[in-house]
Amino acid sequence: MLRGRARRGREAHAGTGDDPLDAAQERRVRAVLALGGVPQADLLDGVQQVRLRLLERAASGREAPRDVSAWAAVVASNLAMDWHRAKRRQERLGERLAALRQPAHPSGEDTSVLSVAVAQGLDELPDAQRQVVVLRFYADLPVRSIAEQLGVPEGTVKSRLHTAVRALRARLHEDEVV
């Protein structure tokens, strides 16, 4: 009787708000994440991401995966890869920021001039270009997230970034700041 009740619970999880993962599936997801190199502190977030994706799948009207456990393991594996990519991206960003902090010119006055010139250059950009520059380089959002948040295609974000950076670079050369 317990088996039948558990099975019916899993089959009906999409409409009832029940946990879409049973205890065994959750343990499997945790194991896949841990074996994928996700730190212990981030495992709960990973499990929640798998739950969320399963609930989103059900909410979108798609049928539940035939083998929820296998599907969840694949999603967990993909999340582990995403975690590593994000970590590498953060490391590269840290390296770039560290390189920027090492002034090419020993004078603090030179960095002040550069900061003022960049701020003025940003002020001169059209709103759409300024927005993507700020979101990409100051808020450190990926292009995909910017596109989703603004409701525009990724290509549009890339185009605006390219045009804005080219304009800022020209402005800095024109003012002989760099």
Side-chain angles (χ1 to χ4, degrees), residues 1-97 122 125-165 168:
M1 179 163 173
L2 283 177
R3 287 183 187 167
R5 194 177 306 153
R7 191 178 311 118
R8 281 191 304 274
R10 280 195 302 272
E11 292 168 358
H13 77 271
T16 64
D18 291 340
D19 190 345
L21 295 177
D22 64 25
Q25 293 164 338
E26 181 175 335
R27 282 191 304 275
R28 185 174 188 187
V29 166
R30 282 179 180 270
V32 168
L33 291 168
L35 290 171
V38 175
Q40 188 74 25
D42 293 335
L43 291 181
L44 182 59
D45 288 340
V47 172
Q48 294 294 48
Q49 282 292 323
V50 172
R51 279 190 178 100
L52 177 63
R53 291 186 185 179
L54 190 55
L55 290 170
E56 286 173 339
R57 179 183 176 106
S60 70
R62 292 185 295 178
E63 67 181 58
R66 280 185 227 166
D67 184 351
V68 173
S69 186
W71 180 90
V74 169
V75 171
S77 177
N78 289 338
L79 286 171
M81 287 189 300
D82 291 346
W83 183 87
H84 285 288
R85 285 187 196 116
K87 182 180 174 191
R88 282 195 304 271
R89 199 169 34 249
Q90 285 296 93
E91 289 169 354
R92 285 193 307 265
L93 176 64
E95 291 167 2
R96 286 183 9 219
L97 287 173
L122 280 172
L125 290 175
D127 291 341
Q129 290 177 9
R130 182 180 332 108
Q131 184 178 36
V132 295
V133 167
V134 168
L135 290 173
R136 179 66 187 104
F137 297 111
Y138 290 93
D140 193 36
L141 293 178
V143 170
R144 176 179 289 157
S145 294
I146 296 169
E148 289 171 0
Q149 294 297 320
L150 299 179
V152 297
E154 286 183 44
T156 301
V157 172
K158 291 176 184 178
S159 173
R160 289 176 184 172
L161 277 171
H162 176 77
T163 304
V165 168
L168 284 171

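Remember, predicted model here, so these are calculated numbers, not experimental data. Position 1 is the first residue of the sequence; numbering continues from there. Any value given below was found using the heavy atoms of this structure, including those in side chains, with hydrogens, waters and symmetry copies removed.
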* Asked: Do R57 and P65 have side chains that get closer than 4.5 Å, going by heavy atoms?
  ->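 A side-chain contact exists here, since the closest heavy-atom pair is under 4.5 Å.
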Residue list, side-chain contact (heavy atoms from CB on, under 4.5 Å) with [X], at least two apart or on another chain:
| X | value |
| --- | --- |
| E63 | none |
| Q90 | L93, D140 |
| A41 | none |
| L43 | R30, L33, A34, V38, Q40 |

N/O donor-acceptor pairs under 3.5 Å from side chains in residues 152-165, not counting sequence neighbours:
{"residue": "H162", "atom": "NE2", "partner": "R166", "partner atom": "NH1", "Å": "3.4"}
{"residue": "T163", "atom": "OG1", "partner": "S159", "partner atom": "O", "Å": "2.9"}

* Asked: Between atom CG of L79 and atom CG of D45, what is the distance when rounded to the nearest 0.5 Å?
  ->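 CG of D45 is found 10.5 Å from CG of L79.
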* Write down the atom of G36, the atom of H84, and the distance for their closest heavy-atom approach. =>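 Taking every non-hydrogen atom into account, O-NE2, 2.6 Å.
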* **Closest non-hydrogen atom pair, A76 against V32** =>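 So the two residues come closest at CB-CG1, 3.7 Å.
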Tabulate below the donor-acceptor pairs under 3.5 Å that side-chain atoms of residues 46-56 make, not counting sequence neighbours, or state none.
{"residue": "Q48", "atom": "OE1", "partner": "R51", "partner atom": "NH1", "Å": "3.0"}
{"residue": "R51", "atom": "NE", "partner": "D19", "partner atom": "OD1", "Å": "2.7"}
{"residue": "R51", "atom": "NE", "partner": "D19", "partner atom": "OD2", "Å": "3.2"}
{"residue": "R51", "atom": "NH2", "partner": "D19", "partner atom": "OD2", "Å": "3.0"}
{"residue": "R51", "atom": "NH2", "partner": "E26", "partner atom": "OE1", "Å": "2.6"}

* May I have all residue pairs that pass side chain to side chain donor-acceptor pair (under 3.5 Å) and include part of residues 70-83, sequence neighbours excluded? =>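 Residue pairs passing side chain to side chain donor-acceptor pair (under 3.5 Å), neighbours aside: D42-W83, D82-R85.
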* To do: Enumerate the residue pairs fulfilling side chain to side chain donor-acceptor pair (under 3.5 Å) with a member in residues 125-135, sequence neighbours excluded, ordered by first and then second residue.
  =>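 Sorted pair list: D127-R130.
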* Asked: For R92, which residues count as a side chain to side chain donor-acceptor pair (under 3.5 Å) partner, sequence neighbours excluded?
  ->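 Here no residue qualifies.
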* Where the side chain of Q25 meets the backbone of D22, is there a donor-acceptor pair that is under 3.5 Å apart? ->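 Pair found, side chain donor or acceptor close to backbone of D22.
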* Asked: Donor-acceptor pair, R136 side chain versus L141 backbone, under 3.5 Å?
  ->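 Confirmed, R136 side chain pairs with L141 backbone.
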